[in-house]
Asker: 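Just passing along the structure, written as structure tokens.
So that the names make sense, note that chain A is the first sequence line, chain B the second, and so on, each numbered from 1. A quick note: this is a predicted structure, and the numbers were derived from the prediction, not measured.
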Amino acid sequence: MLKIYNTLTRKEEEFHPLVPGKVSMYVCGPTVYNYIHIGNARSAIAFDTVRRYLEFLGYEVRYVSNFTDVDDKMIREAHEENTTVPALAEKYIAAFMEDTKALNIEPATMHPRATQNIPEIINFVKTLIEKGYAYEVDGDVYYRARKFKHYGELSGQSLDDLETGASEHVSADEVQKKEDPLDFALWKAAKPGEISWESPWGKGRPGWHIECSVMSTRYLGKTIDIHGGGQDLEFPHHENEIAQSEAATGQKFVRYWMHNGFVTIGKDNEKMSKSLHNFITVHEIIQHVDPQVLRFCMSTTQYRRPIQYSDDTLEDAANNLRHIKTALQNLTYRQSDAVDGADKEVSQKVKDFDQQFRDAMDDDFNVQNGIAVVYELVKYANVYAQQGTVYRAGLVALTNKIEQLMSIFGIDLDAASQETSIDDEHIQKLIAERDQARKDRNFKRSDEIRDELKKKGIILEDTPQGTRYRKA
RNA sequence: GGUGGUAUAGCCAAGUGGUAAGGCACGGGUCUGCAAAACCCUUAUCAUCGGUUCAAAUCCGAUUACCACCUCCA
């Protein structure tokens, strides 16, 4: 039975979707004014892994993730890059799709954009005004936070404490307009020259929080199963979403709130963020780091834990991943002399490992325990592949299970299990020559050939079944 | 100031009452002509102090350190 830690109740709860067999999931996506950094990637990877596990369990997952393509930062950055807000959005949305593809993050069922939902946003705001939850001042529309009686429940804060914090930060301009420092903007009046849309309150654009309420309602319904995002979105973003959605629909907004931990960097383990200017973009990191390694590193860290970004962390991940790939190559290699027929013991073992894996992952996506099961499976597979007699069905069963479990972490290893074929005649000759040299006990020559091939990225290994080669 | 989180071997990390999973790195070994790969072996009294208990990393209390949110941020 899958259990999920719900931020709202701060407890692990059994997961029962609203509609049996189907899961609706909304994950807050990035503001597209820059390349995504590793922290953004972490969130996308964490929830992609959640999605993949849910699908592995047999759920049909409808996954929506938005792009914030208009806000203050978009406007400022467009100005700095001497371009328009829509052009800026196109550029970085394309980059997002490219970067997430490299990390093997499945595209969402839908990637709606704020600017594609303006009429719906306006209607939503109108509803909130009609219900008395919002008010218009000089072309701005604000939400009356205190009017919503559950305000503060997600972040566990009292309204007065929140107000103490809020009043330190509101601008003088806002103080004059807002009824209360806690109130937040639903609609912002346009300043001269800014991108804007017509509305009942004059030209303007949506506030940040309203888009998620609108898009999740529009594409997933009034009540959704899972809403995900970074821990930094808990307050105020998600708090505000709840206030907007529940006030407008009168129904429960989200059944399970999930928040991922940060990527930290530096010796102080500081949060990587755009405002701290200590971020590394995915765009640049994948120039010199295998994206699969980055993916593996992140998807095998439980989503709520922080990940310390460092070369050591990545190196560990690379070593672990190589170990798993080698096991698959070992299994494939033995197919050449495998015997036909079933292997009951292997089938049973594979079932046992599968169950252990589920038990681990069912505990709030405990990927650390999940991957530990994979390591055990890999060890078992390595031992099996070195037995005197191996059955083809056994090799295939082990291969398939390893590949299946790894795919939940977003690692596709099909290619790894394909034995490298070498069509270069020259290399084939060298390998044959080395075999002869070894028979003649001319080890000087055989080692020369091995070194030479190694320089070309081909590794030779001598096994009881003969000489084996693979690419480094 | 308010709220939440974290502290386990060189590093990453599991473990929510019965004398510490797993991985990486290190060292030793098996196999090998030598390697490689694989496998085996070896490594900790769990931040500190106090309490509850036959028994605590695990429960309670206090303390310390670090991180995050309370303002845009995944």
Asker: What string of B, S and - do you get for nucleotides 27-33 of chain B 5' to 3' if you count protein non-hydrogen atoms under 4.0 Å?
Answerer: ------B

Asker: Output all residues satisfying ring pair (Phe, Tyr, Trp, His ring centres under 6.0 Å) with A:His209, sequence neighbours left out; order by chain, then residue number.
Answerer: A:Phe184, A:His237

Asker: Check nucleotides 57-60 of chain B for protein N or O atoms closer than 3.5 Å to its own N or O atoms and list the pairs.
Answerer:
none

Asker: Mapping A:Thr463 and A:Arg304 to their closest nucleotides on RNA chain B, which lands nearer the 5' end?
Answerer: A:Arg304

Asker: Would you say A:His323 places a side-chain N or O within less than 4.0 Å of OP1 or OP2 belonging to B:C39?
Answerer: yes

Asker: May I ask you to check if A:Arg304 and A:Tyr5 form a cation-pi contact, with NZ or CZ under 6.0 angstrom from the six-membered ring centre and within 45° of the axis?
Answerer: yes

Asker: Without hydrogens or angle criteria, can the side chains of A:Gln302 and A:Asp364 be said to hold a donor-acceptor pair below 3.5 Å?
Answerer: yes

Asker: In terms of side-chain heavy atoms of A:Lys379, which of B:A36, B:C40, B:C73 is nearest?
Answerer: B:C40

Asker: Let me spell it out: for each of A:His209 and A:Tyr375, pick the nucleotide of RNA chain B with the closest heavy atom. Which residue's pick is nearer the 5' end?
Answerer: A:Tyr375

Asker: Can you tell me, in whole Å, how much space there is between the C1' of B:C41 and that of B:U45?
Answerer: 22 Å

Asker: Check the phosphate of B:A74 against A:Asn40, side-chain N and O only, distance under 4.0 Å to OP1 or OP2. Yes or no?
Answerer: yes

Asker: Hey, do the aromatic rings of A:Phe409 and A:Phe296 have their centres closer than 6.0 Å?
Answerer: no

Asker: Return the residues of residues 147-156 of chain A meeting this criterion: a heavy atom under 4.0 Å from some atom of RNA chain B. Order them by number, or give none.
Answerer: A:Ser155, A:Gly156

Asker: Which atoms of nucleotides 66-69 of chain B (N or O only) lie under 3.5 Å from a protein N or O atom, and what are those distances?
Answerer:
from, atom 1, to, atom 2, distance (Å)
B:C69, OP1, A:Lys271, NZ, 2.6

Asker: Sugar-phosphate means primed atoms, P, OP1 and OP2; the rest is base. With that split, encode nucleotides 9-17 of chain B 5' to 3' as B, S or - using protein heavy atoms under 4.0 Å.
Answerer: --BSSSS--

Asker: For the P atoms, the ones on B:A37 and on B:G4, what distance do you get once it is rounded to whole angstrom?
Answerer: 49 Å

